[in-house]
Amino acid sequence: MTWEPSPVAVERAAFRAGRRRRSFAVAALSTLVLVAAAVLVVVTSPGWERTRDAFLDVDRGLEVLPALLEGLWLNLRVWVVTVVVSLVVGLLLAIVRTTASPVLFPLRALVAAYVDVFRGLPLLLVLLLVGFGLPSLRLPWLPGDGVYLGTLAIVLTYTAYTAEIFRAGINAVHPAQVTAARALGLTRAQTTRRVVVPQAVRNTTPALLNTVVSLQKDSGLISILGAVDAIRAAQIAVTGAYNFTPYVVAGLLFLLVSIPLTRAVDAYSERRGWGATRPAAGVAR
Amino acid sequence: MSAADAPVAGLAVDPTAVLSVRGLRVSFGDHVVLERLDLDVAEHECVVLLGASGSGKSTLLRAVDLLEEVDDGVVALRGVDVTDPRVDADTVRARLGLVFQAYNLFDHLTLLDNLTLAPRLVHRRPRAEAEADAVAMLDRVGLAGREGAYPGQLSGGQQQRAAIARALLTGPDLLLLDEVTSALDPALVGEVLDILASVRATGTTMLVATHELGFARRVADRVCFLHAGRVWESGPPSIIDDPGTPELAAYLGG
Ligand SMILES: Nc1ncnc2c1ncn2[C@@H]1O[C@H](COP(=O)(O)OP(=O)(O)OP(=O)(O)O)[C@@H](O)[C@H]1O
Ligand SMILES: [Mg+2]
């Protein structure tokens, strides 16, 4: 089928393109003004010279980069482990918590108590309690290493978060979906696995992706327990030398991972139609 | 007759019509739903859209309400091209009333609040005045005394009548109705169609997509049959019993 846009359509498209160009120009200009003002305030500040030498020393930055990269590699490994474990366990806990079986009541109560406690405790406190409390029990099978204990603490806290997200997602599945599945002869377990959970996962993906992004940052908290991640490596490099550039470099390394990650998550959400920048379902303007 | 050899639709709209559509094209990706569609609805006229499932009735109503991006063509309300991107879509929608098949009412609001939401927010009417009008309108659609009820506490037919009342309350230039009875059981269809007939009798200009041939015969001034993306056949309700094209005959027979 051939379609020659009419003059009206061509003119409208041109107007829309012009409006887009104008918005872009306005955005670029206002950004430029803001950035210029910020730079001016910083560079003309009385302490600028000293700050630059202490925080933005390029030579020192390059010098510590290998050690920090090694630390970052540890952060990334901890991140992957905590993501996988807290998503899988969180989903299992959410399923347990939403079952109706009376046999599982003690388990449900236990899960509810666990979620209440770990959602309510600051992650930092959990890290300190796990990192220093558990080793004092002197359990022979418990590794005393800060990496393992830190990972355990993060998993404990984040599993409680993801369990709550999944539970909300499961509860949001319309009851008629369950009825329809049961009417087709699916068992309760089949209904959960094949109908409810897939819909719950789909509903909660944006919230879960946010959790994954914040896990990437919080993996840095294991440094408190002495694990030599990027932050700890920076701390070591700063000690003794009155130069804080390693912290800045560590910050840049974290951003190097988290910014592309957030962008990718946003792009994915956008494609799936959950984006914040798109108008609600089908409304053209 | 294929779309390619049809004469290019002129884009000159009818300035006296409430709604005048010329050369409308709407597509989803590669799927062209409406193509070179022309349609006029005059003041106080009730036009019924017929057409097979998927023929684009809902798409046309949504395009008129600026809920669908159009590729080409003009939708004019009283001679003003509203598809022009310079026109504020919210202002246009405030002049139109649209009722869908289902899920019209806001579940978290009472009937009274459902009805007064737009008058207060969009049309800036004082609350007392809006509520007095809403009560009168609910009375008109047979829902007197149910102001405090939530949508979940009403039958499907009552919900649709409330949705129609809500759409009428702001005195729209044109009322768009999209298969407002198709989610209802036969007993409830009658009560909603009766309300529409009484609305029609007050002179409200209406464009109605429906599969209810009885309603079309009884209430329509004109019937438009959508096929292949455009108005394939149009005429008085009598064409339902005496179709002029084999396509309309096939739709009615099937
Ligand atoms: N958002 C969308 N994305 C892609 N295709 C769509 C979309 N909305 C509608 N369509 C397609 O456009 C065509 C027309 O749909 P429309 O809903 O307008 O039909 P209809 O005439 O109202 O049918 P029915 O009588 O069943 O309500 C269909 O083929 C449909 O698949
Ligand atoms: Mg439809």
Side-chain angles (χ1 to χ4, degrees), chain A residues 1-28 168-181 183 195-196 199-200 202-204 207 267-285, chain B residues 2-13 21-38 58-59 61-76 81-93 98 100 102-103 107 152 228-230:
Chain A
M1 223 181 271
T2 54
W3 169 50
E4 272 298 318
S6 69
V8 181
V10 171
E11 191 274 336
R12 263 182 225 152
F15 172 77
R16 286 204 182 94
R19 191 165 54 182
R20 261 197 306 278
R21 270 196 304 277
R22 212 163 36 249
S23 325
F24 180 79
V26 170
I170 289 173
N171 287 339
V173 174
H174 199 280
Q177 297 284 303
V178 175
T179 318
V195 177
V196 175
Q199 291 192 30
R202 198 160 310 154
N203 294 343
T204 53
Y268 178 73
S269 305
E270 197 72 36
R271 253 213 331 280
R272 298 294 302 268
W274 310 316
T277 57
R278 257 190 26 188
V283 177
R285 64 187 157 110
Chain B
S2 79
D5 56 38
V8 174
L11 296 184
V13 300
V21 178
R22 289 291 177 275
L24 187 68
R25 178 190 155 104
V26 178
S27 61
F28 299 101
D30 290 338
H31 179 37
V32 182
V33 177
L34 301 177
E35 171 116 78
R36 293 173 189 164
L37 183 140
D38 297 346
S58 301
T59 305
L61 294 180
R62 292 172 55 83
V64 169
D65 211 28
L66 305 183
L67 295 165
E68 218 63 79
E69 182 107 45
V70 309
D71 300 335
D72 205 341
V74 172
V75 173
D81 175 12
V82 294
T83 29
D84 189 316
R86 273 149 284 219
V87 172
D88 176 42
D90 293 333
T91 315
V92 174
R93 286 193 206 110
L98 175 61
F100 305 103
Y103 305 116
D107 288 334
R230 70 186 94 145

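Letters go in sequence order (proteins before strands), and every chain restarts at 1.
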### Residue pair A:Glu11, B:Arg86: steps toward the salt bridge (Lys or Arg N to Asp or Glu O under 4.0 Å) verdict
CA-CA 12 Å; A:Glu11 191 274 336; B:Arg86 273 149 284 219; 2.8 Å; yes

### Task
Give the C-alpha distance, both sets of side-chain angles, the deciding distance and a yes or no for salt bridge (Lys or Arg N to Asp or Glu O under 4.0 Å) between B:Asp81 and A:Arg12.
CA-CA 12 Å; B:Asp81 175 12; A:Arg12 263 182 225 152; 3.7 Å; yes

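Not a single salt bridge (charged side-chain N to carboxylate O under 4.0 Å, His left out) links B:Asp65 to another residue, sequence neighbours left out. Not counting sequence neighbours, the partners of A:Arg20 by the side-chain contact (heavy atoms from CB on, under 4.5 Å) test are A:Arg16, A:Ala17.
The distance from atom OG of A:Ser6 to atom CZ of B:Arg22, rounded to the nearest 0.5 Å, is 13.5 Å.
In this structure, a donor-acceptor pair under 3.5 Å is absent between the side chains of B:Asp71 and A:Trp3.
Shown here is B:Phe28, whose CZ atom has more than 12 heavy atoms of other residues, nucleotides or ligands within 6.0 Å.
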